[in-house]
Amino acid sequence: MEKINNLDIKDLTNQFGSPLYVYDSDRIEANYKRLKTALTDHYPNNNIHFSVKANSNLSILDIFRRNGSGADCSSPTELRLALMAGFDREDILYTGNYESYEDLEYVSSIKGIKLNLDDITSLERILKFGVPERISFRINPGIGRGGFEGITTAGSDAKFGIPYEKAAEAYKMALDAGVKRFGIHMMTGSNNLEPYYFAEVVDKLLIIAGDIFPELGIKPEFIDIGGGQGIPYRDDEDPLNVDLMAKLIAKIIKERCQSYDFGLPQLLLEPGRYLAADAGYLIAKVTGIKNGYKKFIGLDAGMGTLVRQSLYGAFHRMEVYGKNSDFENVNICGQICENSDIFAKNIRLPKMDIGDLVTFKDTGAYGFVMSSVYNNRTRPAEVLIENGKPILIRKRESFDDILRLYPEEILQKYNS
Ligand SMILES: Cc1ncc(COP(=O)(O)O)c(C=O)c1O
């Protein structure tokens, strides 16, 4: 692979260094438009909220805002970034978990955003800061599915949400506290490629809503089905058919909401991966080649730069700059002092030399945001390609950045 949106990868690393995250704004816009069109064709009363946790760079958030997306935030800092990026409060969702008093105090002070609370006890805590005008609870519908276990976020093993058997109690408590407006939320897993899965789980959520809301006299303003729309990380996977997904979901919502006399609530989605993942690339340089018990190719990026492979066995396709023949089986690793610092085992790639550039695909979501400075290897820069030009949107972390958080007196002691 030599180019990203017509820009030469070697030129990009010559200009901005390596390792380097590169994002393609055209691809982000195309992803957003495809999903928005599918939803609007089948259920016009919808709003997409880009999941800020997937990629929280201000310039990326700005692309989503300009295209009409809202934001879904999972921490006070993400909320602050979303506000800085200019999202309207009505277009901001906040979905935390195990929210502290401090988190809830801040969130409550930002009037007008939509809140998904993770538990009944979250409601008890937030009431300390006044009665929210509108509340939605994250319901664990008892089933969940993700691309693999680490990204499955509902079902009996999940730490998220209110078990559906307790949902009525939660809404009753909110009503008794004086809350007037309601929504309902779930997020059952990430990287799902099967449209019928979304239909199944939306149906389950609506049955739960139908069980509890009419009795309490609640008409939900919105049905928030979370994110979870997947992308094909491997060549043999098919993309999610978002049109079919939207069609199936719309049919279920219309039928169920009519039978429960809910009207047609707003449909909210919180996708992260689907919108941003395949718009991002991580470029790394080969720094060492070892013929040990196995052949290892070491890169200047490691688990601190892109942790998904070592964290939960995720896979990212790799391509080598300027090479597309003479393949061999190799193991790709980083420079971090952990044996789990492995990007891929026994994978067929063209024969490489020191200095070759390797591009990891689909790293626009859960890439940079999950990076760390373990081994004091600082975080890479981020570049956005917009209107055919590369723009630096985050500087490479430096030794000064590492020192910045030491108190002055400590720095003086060791600087002298
Ligand atoms: C509450 C919530 N919403 C949205 C998302 C985004 O998920 P995805 O990137 O799979 O669309 C997540 C991811 O974990 C989440 O926890």
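Predicted model, so just to flag it, every value in this text is computed and none were measured. Residue numbers run from 1 in the order of the sequence given. Order of listing sets the numbers, starting from 1, for every ligand and every atom in it.
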Whether D72 side chain and F50 backbone form a donor-acceptor pair below 3.5 Å: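 Answer holds: no.
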Is it true that, when you exclude [X] itself, more than 12 heavy atoms of the residues, nucleotides or ligands shown sit nearer than 6.0 Å to its [atom1]?
X: E328; atom1: CD; value: yes
X: Y406; atom1: OH; value: no
X: D157; atom1: CG; value: no
X: K323; atom1: NZ; value: yes

Closer than 4.0 Å to some heavy atom of [X] - which atoms of ligand 1 meet that?
X: G227; value: 4 (C), 11 (O)
X: R273; value: 8 (P), 9 (O), 11 (O)
X: P271; value: 11 (O)
X: R138; value: 1 (C)

At a 4.0 Å cut-off, with the gap strictly under it, does some heavy atom of T95 reach an atom of ligand 1?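 Yes, that is the case, since the closest heavy atom of the residue is under 4.0 Å from the ligand.
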Report the nearest protein non-hydrogen atom to [atom]: residue, atom name, distance rounded to 0.1 Å.
atom: atom 4 (C) of ligand 1; answer: E270 O, 3.1 Å
atom: atom 5 (C) of ligand 1; answer: S51 OG, 3.5 Å
atom: atom 10 (O) of ligand 1; answer: S190 OG, 2.3 Å
atom: atom 13 (C) of ligand 1; answer: Y366 OH, 3.6 Å
atom: atom 12 (C) of ligand 1; answer: K53 NZ, 3.3 Å

Does [X] reach ligand 1 with a nitrogen or oxygen that is under 3.5 Å from one of the ligand's nitrogen or oxygen atoms?
X: G272; result: yes
X: H185; result: no
X: G226; result: no

Have a look at L123 and tell me which of I162, L117, D118 forms a side chain to side chain contact (heavy atoms under 4.5 Å, CB included) with it.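 When side chain to side chain contact (heavy atoms under 4.5 Å, CB included) is applied between L123 and each of I162, L117, D118, only L117 qualifies.
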Where's the contact between T153 and ligand 1, heavy-atom distance under 4.0 Å: side chain, backbone, both or neither?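 Within the 4.0 Å criterion, T153 makes no contact with ligand 1.
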Taking heavy atoms and a distance under 4.0 Å, where does A54 meet ligand 1: side chain, backbone, both or neither?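 Neither; no heavy atom under 4.0 Å.
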Any I92 side-chain heavy atom under 4.5 Å of H49 side chain: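 With C-beta onward as the side chain, the pair stays apart.
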Should K114 and L93 count as side-chain neighbours, where that means a heavy-atom distance under 4.5 Å?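 Yes - at least one pair of side-chain heavy atoms lies under 4.5 Å apart.
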Hey, are K172 and D176 close enough for a salt bridge, meaning a charged N less than 4.0 Å from a carboxylate O?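 Salt bridge present between K172 and D176.
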Y260/F213 aromatic ring centres below 6.0 Å: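 Between F213 and Y260, which both carry aromatic rings, the centre distance is not below 6.0 Å.
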